[in-house]
Amino acid sequence: MASSSGTKSITADDVPPRSVSKRMTRMPTMIDATDQEPVDSELVPSSLAEIAPILRVANEIEAENPRVAYLCRFHAFEKAHKLDPNSSGRGVRQFKTYLLHRLEKEEEETRPRLARNDPREIQKFYQMFYETRIKDGAQNRKPEEMAKLYQMASVLYDVLRTVVPAERVDDEVNRYAREVERIKDHYAHYNILPLNALGTPPPIMELPEIKAALNALRKVDNLPKPIIQPTNNVSDNHSVSEEGNKPIHDLLDWLWLTFGFQKGNVANQREHLILLLANKGIRDKAPETYAQLDIHTVPLLVDKIFKNYRSWCAYLHCGSNLKFPSSADRQQLELLYIALYLLIWGEASNIRFMPECICYIFHNMANELHGILYGNVHSVSGGTFQPAHQGEESFLREVVKPIYQVLRKEAWRNKGGTASHSKWRNYDDLNEYFWSDKCFKLGWPMNPESDFFVHSDEIRQKDKRRRNHVPTGKRKPKTNFVEVRTFWHLFRSFDRMWIFFILALQAMIIIAWSPSGSLAAFFDEDVFRSVMSIFITWAILNFLQATLDLILSIKAWGSLRYTQILRYILKFAVAAVWAVVLPIGYSSSVQNPTGLVKYFNDWIGDWRNQSFYSYCIALYLLPNILAVLLFVLPPVRRHMERSNWRIIVLLLWWAQPKLYVGRGMHEDMFSLLKYTLFWILLLISKMAFSYYVEIYPLIEPTKMIMDIRIGSYEWHEFFPNVTHNMGVVISIWAPIVLVYFMDTQIWYAIFSTICGGVHGAFNHLGEIRTLGMLRARFQAVPIAFSEHLVPSSKEESKRSHKVIRKLVDSAI
C-alpha cells in the first residue's frame with residue numbers, strides 16, 4: 001500500500017498477500033456496514049486489548065485532524081499484526097481485515113493539513129495539542145478531563161515515535177513529552193488515597209496517621225539502586241531504559257524496579273499498605289501519637305501477614321527467609337517484606353486460592369531481596385546479586401503465568417463438571433504439592449521441566465472452539481485424596497457411627513435373649529461372656545473399613561509419600577490380624593470364663609490367670625483409650641496436632657494422615673462438654689427406646705417361632721433341609737432393624753428442637769416472647785386465611801370466617 005513521505009509503509013511481511021486480503025473481504029463481518037464510522041474500540045478482540053486506547057484516541061481526534069487519526073489507526077494495525085501475526089485469535093482476522101480496508105480508503109481521502117508530510121504533520125499536531133489543551137488547561141478543566149488528555153498525549157507520542165525517526169523528532173516535542181510523563185502520574189486513577197494530587201492536598205492526606213505511613217514508606221535513601229538488565233527483545237529496550245531512569249519515591253517503587261511487578265498492582269498495594277499501617281497505628285493509641293508510627297505497629301503487622309508463612313516453614317522444617325541482620329534498619333526491612341508479599345498476592349490472580357504456593361514464591365523472592373540488600377557484603381567474587389526475573393511485568397510473565405497455565409489446563413480436563421474426579425486436579429490438589437519439601441525441586445527460577453509443570457510437554461487436541469481444547473498425555477496425579485463414587489462411602493465416611501450402632505444392636509439382642517431379659521443380666525458371667533463377642537464384630541468392621549481405605553485411595557498412590565502408603569498397608573495388615581486373633585482368643589476364653597465383677601476386681605491380683613481373650617481386648621482398646629483421653633482434653637490435642645516436632649508427628653502418624661490444613665481445629669472445653677452431653681442424652685434415649693420398644697418385645701415371639709418345627713416345607717426345591725421358620729423371623733426383624741438404624745435423625749430433631757427452644761427462651765430470641773403475644777397472633781389467623789384463600793362468594797367468605805374464628809377462640 002502506498003504511503004506518504006516519512007510514513008512507515010505496510011509491507012508483504014506485515015499483512016497477508018493481496019489475494020488473501022481479497023478473499024478475506026468476502027467473509028461476513030459484523031462491522032462491514034460501518035465503513036464511514038470511526039472504529040469502535042470496544043469491538044476490539046480481547047487478544048488485541050492493547051490497541052484499544054490507540055483507536056479511542058483516533059476516534060477523539062477524527063474530526064479535528066483525520067490524517068493524524070489515520071496514522072493512529074495505522075500504528076494500531078501494525079501493533080495488532082505483531083501481537084497476532086497468524087490471526088489465530090477469536091475475531092482477529094475479521095477485525096484486521098476491516099481495519100486494513102479502512103486504512104486503504106483513508107490513505108486516499110486524508111491529506112496533511114499542518115505540513116507537507118506525515119512526520120511534520122504529527123509533530124505539529126502534538127505541539128498544538130499540548131499547548132492548547134494541556135499547557136493552559138489545568139486551571140480550567142476538571143481532574144478527570146486532564147487525566148484523559150494526558151492519556152491521549154501519551155498515545156500520540158507513542159504513535160509519533162513510530163512515524164518519525166528518533167533523530168528527526170524536534171527538541172520541543174521531546175520536552176513536551178517529558179513534561180507529560182512527569183505530570184501524568186498526578187492525574188492517575190486512585191482508589192481511596194490521591195497520593196499524587198496537585199494543589200491543595202485533600203483532607204484525607206492531611207490525617208497524621210496517613211502522613212506517618214507515607215513517611216515510613218519513603219525512606220529509600222540507603223537502598224541500592226536497582227540494576228536493570230537489558231532484554232534480548234529490541235522492542236523492550238525503550239521500556240528498560242525508562243525503568244532504569246525512573247525516580248524512586250518509596251519502597252514499592254524500588255520493589256517494582258527490582259522484581260518487575262505491574263504498575264497498576266504497585267499503585268493498588270501502595271494504598272493497601274498505607275491504609276493497613278494507618279489503621280494499625282491508631283488502634284488503641286492516643287491521638288497525639290498518630291504523627292509517627294509506633295514501634296510495635298510494623299512488627300504486629302508482620303506477625304499477622306506472615307503467620308501462615310512462618311507456620312508453613314515450620315511444617316516443612318525449613319528456615320524462614322524473614323531475616324533481620326543487626327546492621328539493618330529493621331522497620332524498613334519489615335516494610336519491604338510486607339510490601340513484597342502484598343505485591344505477590346496482588347498479582348497472583350487465581351493462585352490466591354493456593355496460599356502455600358504463594359508462600360513458596362515469597363520464600364524465594366524474600367531470599368533474593370535479602371541477597372540484593374546484604375549479599376554483596378559477604379560475596380566472595382564481589383559480583384552483584386541479581387533477582388531471577390527482571391523487566392516490566394516479568395513477575396506476571398515468568399512466575400504467575402506458568403502456574404496459571406497449570407490451573408487452566410486442569411480446568412479444561414473438568415469438561416464442565418462431567419469428567420471423573422480422578423481425571424483432573426483442583427486448587428486443593430495443586431496446593432497440596434507445596435505441603436511437602438519436594439516443592440523445592442521446582443527451584444528458582446522455576447524449572448519448566450519439573451513434575452509440577454508436566455503439562456508443558458502434553459499434546460492438546462486442536463479445535464476451532466476453545467472449550468474443546470482438552471489436553472491429553474501424561475500428567476501428574478492427584479494428591480492425598482481421589483474421590484471414587486461408590487455407595488461404600490456411606491460406611492467409610494461414617495464408620496464410627498455404623499460400628500457403634502451395630503455393636504449396640506448385637507449387645508442388646510444378647511441381653512434381651514437372656515432368661516431374665518433385663519439389663520441387669522449384663523452382669524451375669526455367661527451373658528457378659530457372650531456380650532464380649534462384640535469385639536469380634538468390631539474387628540471385622542474395622543477390617544472392612546481398612547480395606548475400603550486401601551481400595552478407595554489406591555488412585556492417589558502415585559503422588560503419596562511412602563510413609564502414607566505404608567500407613568494404609570499397615571492398617572490393613574493390623575486389622576486383618578485382629579480379625580483372626582480375636583475369634584481365636586474368644587474360643588479359648590470359653591474354657592476360662594470371666595464375669596464382669598471378677599474381671600475388674602481380680603485383674604491386678606490374678607492377672608496371670610486371665611484368659612488370652614482378655615489380654616487381646618485390653619491391647620485392642622489401648623489406642624481407643626488414648627483417643628478418648630485426647631478427645632476430652634482438646635487443648636492437649638490441639639497443641640499436639642499443631643506441633644512440628646518429629647516425635648509428636650511420629651506418634652500421630654498412625655491416628656491421622658499428616659496434612660497442613662485443618663490441624664488443631666477443635667472447639668474449647670466448654671463447647672465440647674455441651675456437645676458431648678447432648679449426644680450422650682440423645683443416644684441414651686435412642687438406645688432405651690430401641691431396647692424396650694423395638695428389640696425386647698420381639699424376643700419372645702422370635703423364640704416361639706424358632707421352636708415351631710416344620711413337618712413339610714412347600715419350597716423344598718429351594719430350601720430342602722429347613723427345620724426352622726427363619727424366613728418369618730427375617731421378615732419380622734428386617735423393618736425393626738431398618739428403623740433402628742434410621743430413627744437417630746428423629747431423636748436428633750426432637751433434642752435439637754428442645755435445646756434450641758430452651759436456648760431461645762433464655763436468650764429472648766424470636767418475635768413471640770410471651771403468651772399474650774401468642775394469643776394476639778392467633779387473632780390474626782382468620783384474617784390472613786381469608787385474604788389468601790378467598791372463597792368464590794361473599795356469603796361463603798363470611799361463613800368460613802365465622803367458623804375459623806370459633807375454632808381459634810375455642811383453642812385459645
Side-chain angles (χ1 to χ4, degrees), residues 6 41 49-65 67-76 78-79 114-115 118-190 194-199 228 235-250 253 256-257 262-264 266-267 270 392-393:
S41 59
E50 294 183 23
I51 71 171
I54 306 174
L55 297 177
R56 291 194 190 102
V57 172
N59 295 341
E60 291 285 342
I61 64 175
E62 175 76 23
E64 185 175 356
N65 196 315
R67 187 61 183 180
V68 176
Y70 160 78
L71 296 175
C72 290
R73 295 191 183 102
F74 191 96
H75 175 62
E78 287 187 321
K79 194 169 185 178
L114 304 176
D118 288 336
R120 297 300 304 164
E121 177 75 18
I122 192 169
Q123 290 190 79
K124 285 184 173 296
F125 181 80
Y126 182 82
Q127 293 177 358
M128 183 182 66
F129 183 87
Y130 177 84
E131 293 171 354
T132 58
R133 300 192 185 184
I134 295 179
K135 186 176 182 179
D136 300 327
Q139 294 82 6
N140 304 324
R141 301 180 188 274
K142 297 180 180 180
E144 54 269 19
E145 295 180 3
M146 293 302 300
K148 180 180 178 181
L149 292 176
Y150 274 104
Q151 179 68 23
M152 293 176 63
S154 297
V155 173
L156 286 173
Y157 186 69
D158 289 338
V159 176
L160 186 149
R161 286 187 306 173
T162 62
V163 175
V164 185
E167 63 276 5
R168 297 179 57 184
V169 178
D170 295 345
D171 294 337
E172 189 75 6
V173 172
N174 287 329
R175 186 173 66 83
Y176 287 165
R178 288 192 296 269
E179 190 70 12
V180 168
E181 290 296 320
R182 185 181 67 84
I183 300 179
K184 76 173 185 178
D185 290 340
H186 297 289
Y187 293 98
H189 297 288
Y190 61 90
L195 299 174
N196 300 315
L198 294 175
I228 309 300
S235 62
D236 292 338
N237 289 341
H238 183 78
S239 62
V240 170
S241 63
E242 282 185 348
E243 290 177 7
N245 299 325
K246 182 73 175 180
I248 300 175
H249 300 102
D250 56 22
D253 282 340
W256 165 55
L257 294 176
Q262 295 183 79
K263 293 182 181 179
V266 173
R270 179 183 288 113
E392 187 175 359
E393 300 184 358

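Bear in mind that the values here come from a model prediction, so they are computed numbers and not experimental data.
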With distance as the sole test, does Glu393 use its side chain to make a donor-acceptor pair with the main-chain N or O of Gln262 at under 3.5 Å?
no
Just wondering, do Arg178 and Arg175 contact through their side chains at under 4.5 Å, heavy atoms?
yes
I'd like to know whether Asp118 forms a side chain to side chain contact (heavy atoms under 4.5 Å, CB included) with Arg67, so could you lay out the CA-CA distance, the side-chain angles of the two residues, the decisive distance to 0.1 Å, and finally the verdict.
CA-CA 8 Å; Asp118 288 336; Arg67 187 61 183 180; 2.9 Å; yes
Please report the C-alpha distance between His75 and Leu71 in whole Å, then the side-chain angles of each, then the deciding distance to 0.1 Å, and finally whether the side chain to side chain contact (heavy atoms under 4.5 Å, CB included) criterion is met.
CA-CA 6 Å; His75 175 62; Leu71 296 175; over 6 Å; no
Rounded to the nearest 0.5 angstrom, the CZ-OH distance for Phe125 and Tyr130 is 15.5 Å
Any heavy-atom pair between the side chains of Asn59 and Arg73 that's under 4.5 Å?
yes
Measure the CD1-CZ distance between Ile54 and Arg56 for me, rounded to the nearest 0.5 Å.
11.0 Å
Set of ring-ring contact (aromatic ring centres under 6.0 Å, His included) partners for Phe129, sequence neighbours left out
none
Measure the shortest side-chain to side-chain distance between Ile61 and Leu156 over non-hydrogen atoms and say whether it is less than 4.5 angstrom.
yes
How are the rings of Tyr126 and Tyr157 set to each other: parallel, tilted or perpendicular (split at 30° and 60°)?
tilted
Starting from the C-alpha separation in whole Å, work towards a yes-or-no answer on side chain to side chain contact (heavy atoms under 4.5 Å, CB included) for Asp253 and Arg270.
CA-CA 9 Å; Asp253 282 340; Arg270 179 183 288 113; 2.8 Å; yes
What's the shortest heavy-atom distance between Val173 and Gln127, and which atoms?
CG2-NE2, 3.4 Å
What verdict does the side chain to side chain contact (heavy atoms under 4.5 Å, CB included) test give for Ile183 and Ile134, after you've listed the backbone C-alpha separation in whole Å, the side-chain angles of each residue and the deciding distance to 0.1 Å?
CA-CA 10 Å; Ile183 300 179; Ile134 295 179; over 6 Å; no
Taking C-beta and beyond as the side chain, do Glu121 and Val68 meet within less than 4.5 Å on heavy atoms?
yes
Under-4.0 Å salt bridge between Glu60 and Arg133
no
Side chains of Met128 and Glu64: does their closest heavy-atom pair fall under 4.5 Å?
yes
Surrounding CD of Glu145 (heavy atoms of other residues, nucleotides or ligands, distance under 6.0 Å), is the total greater than 12?
yes
Can you give me the closest heavy-atom contact between Ala76 and Leu55, atom names plus distance?
CB-CD2, 3.8 Å
Close side-chain approach of Gln123 to Leu114, heavy-atom, < 4.5 Å:
no
Considering only NZ, NE, NH1 and NH2 on the basic side and carboxylate oxygens on the acidic side, decide whether Asp170 and Arg120 come within less than 4.0 Å.
yes
Measure across Ala58 and Ala69 and return the closest heavy-atom pair with its distance rounded to 0.1 Å.
O-CB, 3.5 Å
